[in-house]
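Report on the structure given below.
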Amino acid sequence: MAVKDISDVQVLKAYEEYRANNSKEFPHEILMRQTGQPEKVCYKAMERAYKRDLIAYGISPRTGWLTEKGKQLLKEPHE
């Protein structure tokens, strides 16, 4: 159980799913479901993405969105 087990791309895709589908799950819940990691680890991964300017948010990272830098990262090829 470590933040390193959740990639920035996984975090960005969780936000994308949350926004695109009017998901009933928040990004951290999507990450928990997809990675099997606990809530606090998923939040730490989201905070890491925020510090890297990949996501932005107002009051809470639960309702954040992708920055231009985050959108660009998702466009790049990934394994």
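Please read all numbers here as calculations on a predicted model, not as lab measurements.
The CG atom of Leu54 sits 5.5 Å away from the OG1 atom of Thr67 when rounded to the nearest 0.5 Å. Taking CG of Leu31 as the start and CD of Glu39 as the end, the distance is 11.0 Å to the nearest 0.5 Å. A distance of 9.0 Å separates CZ in Arg62 from CE in Met46, rounded to the nearest 0.5 Å. Atoms OG1 and NE2, from Thr35 and His28 in turn, are 11.5 Å apart once rounded to the nearest 0.5 Å.
In this structure, Ser60 contributes its side chain and Thr63 its backbone to no donor-acceptor pair below 3.5 Å.
Pairs passing the side chain to side chain donor-acceptor pair (under 3.5 Å) check and including a residue from residues 44-55, sequence neighbours excluded, read Asp8-Arg48, Asp8-Arg52.
Closest heavy-atom contact between Leu12 and Gly70: CD1-O, 3.5 Å. Closest approach of Tyr18 to Glu25, counting heavy atoms only: CD1-O, 3.2 Å. Between Pro61 and Tyr43, the closest heavy-atom pair is CG-CE2, 3.9 Å. Residue Ala14 comes nearest to Ile30 through the heavy atom pair O-CD1, 3.5 Å, listed as atom of the first residue, atom of the second, then distance.
In this view, Ala2 and Lys4, Asp5 satisfy the side chain to side chain contact (heavy atoms under 4.5 Å, CB included) rule, not counting sequence neighbours. Evaluation of the salt bridge (Lys or Arg N to Asp or Glu O under 4.0 Å) rule for Lys71 yields Glu68 as partners, not counting sequence neighbours. Partners of Glu17 under the salt bridge (Lys or Arg N to Asp or Glu O under 4.0 Å) rule, at least two apart in sequence or in another chain, are Arg33.
As a member of the Ile/Leu/Val/Met/Phe/Trp/Tyr network built from side-chain separations under 4.5 Å, Ile59 groups with nothing else and remains a singleton. The hydrophobic cluster around Met32 extends to none of the other residues, as no ILVMFWY side-chain heavy atom falls under 4.5 Å of it.
Hydrophobic clustering (ILVMFWY, side-chain heavy atoms < 4.5 Å, transitive): Val41 and Tyr15 are in one cluster.
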